[in-house]
Enquirer: 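Starting off with a structure, shown below.
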Amino acid sequence: MSKWKELEEELKAIVKKSGYDNEIALCTSNRPDLGEYQINDAMKLAKVYHKNPLSIATDILENLKQDNHFVNVNIAGAGFINISLSNSFLVDFMNEIKEDIKLNIDKQEKKLIIIDYGGANVAKALHVGHLRSADIGEALNRLAKLVGHNTIADVHFGDSGLQSGIVIMELESMFPNLICFKNDYSGEEFELPITKEDLKVIYPNGSKKTKENEELLEKARQITYQIQNGHIGYNKLWDKITEISISDIKETYKKLNANFDLWEGERDSFKYIPEMFTHLQKQDLIYTSEGAKVMDVKDEKDDKEIPPIILEKSNGAYLYATTDLATIYGRVKRFAPDEIWYTTDLRQELHFLQVFRAAKKSGIITKTKLGFYGFGTMNGIDGKPFKTRTGGVMSLEDLISLVKKECYERINDNIVDPDKKEETAQIIAIAALKYADLLPFRETDCIFDPAKFSDLEGKTGPYLLYSTIRIKSLLKKAKEENIEYKKFTKINSKTEKDIIINLLNMPSVINRAYESKSLNEVAEYIYKLTSSYNKFYSENKILSEKDADLKTSWLILSKVVYDTNMLLLDLLGIECPEKM
Ligand code: ARG
């Protein structure tokens, strides 16, 4: 149990001893001049116990005063209790966590959670939406593991949509003699003469044609339908394209430190579709509307119209909802997860609402909890969806390059070897992007501003990396000078106390991030902790301090901040370079 939790338990016991048996919450103070923490529950207790809040607060205060963990306890206003922590309590805390920062994390009851994020589309370029899904999804995955859950991360590629028909149509016009296009083709091997670079232009070319020509669009739809229905030649060809594209996409995810356990896609759900339809039909949930197979998912309590979910088009083709529902069917059957989380653009909210309702209504899920954790749009500096100069969607690759260029320029040539510069810029760029992506609340739109993201000062990834590396080199110097630091004994200044209080508060930040499925408070927290440490760093000369106990305590403080930063940066999926 974290010290934070212990403290909450202790306060609960005190409140109980004062005659009030209720849950209470420890809150960080918004009036630090009055105390470091607040207990704001007297009003709530007043309602339960029909007593005046001030007299309740006074009862509690008497008992708080008896406990030597607290100092400066006082009541403000109508019954707000302010408390501060004694130095001896904080010293003990530092000694408890100094070797293993993970002791400062509260574990939850273990669950199995499947996390569906990434969602790149095969044979199409990744864009900023996929960046957000990878960043946020990966951080949520790491968060779930940190608090003790088992997770299965599934990239859920988009590999069954119209792009398959478009790309194959385009390839047929480029290479009409490929054997897979022959009528009597029965699955023989063949060489597909294209590279991942070719693939980058094939889809856009084909897509443009289908927009200009209705007949070609219909042809692409037809091919898509045939792939879904087992056409041997098209499937063989699409497998090959998928292979080329996925190896490329995997490289991008690797750059983004996004790690998946399952590299599956929409197509992997095809094998569950017939079973799923039987399951739905048995319950009479499916009906035909304008030739399409649909299912009602509306609810009496809805305050807006929730349209039926379409599971098969009139031409027999499957849709996004079909593969998502069948994927749930398969996941439940294979893994029986406690929860499945989805991280996509908020604009897909209705889709997931329909799919979740269909899954519940039909009993495809019974105990599994489904969660949609959508994110806002990444806009340009003008506040409009981020576009290239020519008005197209900016590819993720170009986006990373833009930030990398900014970061490259800011690298200190006196510190980083020329042959390490490229690699270092890459690590910093990813940190810059990820931090900026995770800093706003998940649902808030954010602004893509490469120069700002890459700044070495302010709330940025590079600032945090720079500061963390500086602590690391301090600890390295201490080691080179054979300085041992074993026991934390002294808190010498308000700045030091602030840092320790921040460290103590970490579990509450992690717990709230888990509740809200948003890393914004964690991102803010690292900044706050780092800034308070940097203040301390500039106020003191740690290695030349004469008072041995103080120097030891300072080094321990530095180590714990360093470990915390590394733990939390890793939680955000951010790596730290050696130097920068
Ligand atoms: N491929 C989709 C897209 O690019 C995202 C997939 C999200 N996951 C899911 N299970 N639908 O929008």
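In listed order, ligands and their atoms are each counted from 1.
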Enquirer: Atom NZ of K434 and atom CG of L256: how far apart are they, to the nearest 0.5 Å?
Expert: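 Reported value, rounded in 0.5 Å steps: 6.0 Å.
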
Enquirer: Only counting residues at least two apart or in another chain, list the ones meeting side-chain hydrogen bond (donor to acceptor under 3.5 Å, both in side chains) with D449.
Expert: none

Enquirer: Suppose we screen for side-chain hydrogen bond (donor to acceptor under 3.5 Å, both in side chains). Which residues come up paired with E243, at least two apart in sequence or across chains?
Expert: none

Enquirer: Can you confirm if the aromatic rings of Y527 and Y435 lie within a centre distance of less than 6.0 Å?
Expert: no

Enquirer: Tell me every residue that passes side-chain contact (heavy atoms from CB on, under 4.5 Å) with N229, counting only those two or more places apart in sequence or in another chain.
Expert: Y225

Enquirer: Would you say the ring centers of F356 and Y342 fall short of 6.0 Å from each other?
Expert: yes

Enquirer: What does the list of residues with a heavy atom under 4.0 Å from ligand 1 look like, ordered by chain and number?
Expert: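 Residues within 4.0 Å of ligand 1: D116, G119, N121, H130, H156, Y320, D324, Y342, T344, Q348, F352.
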
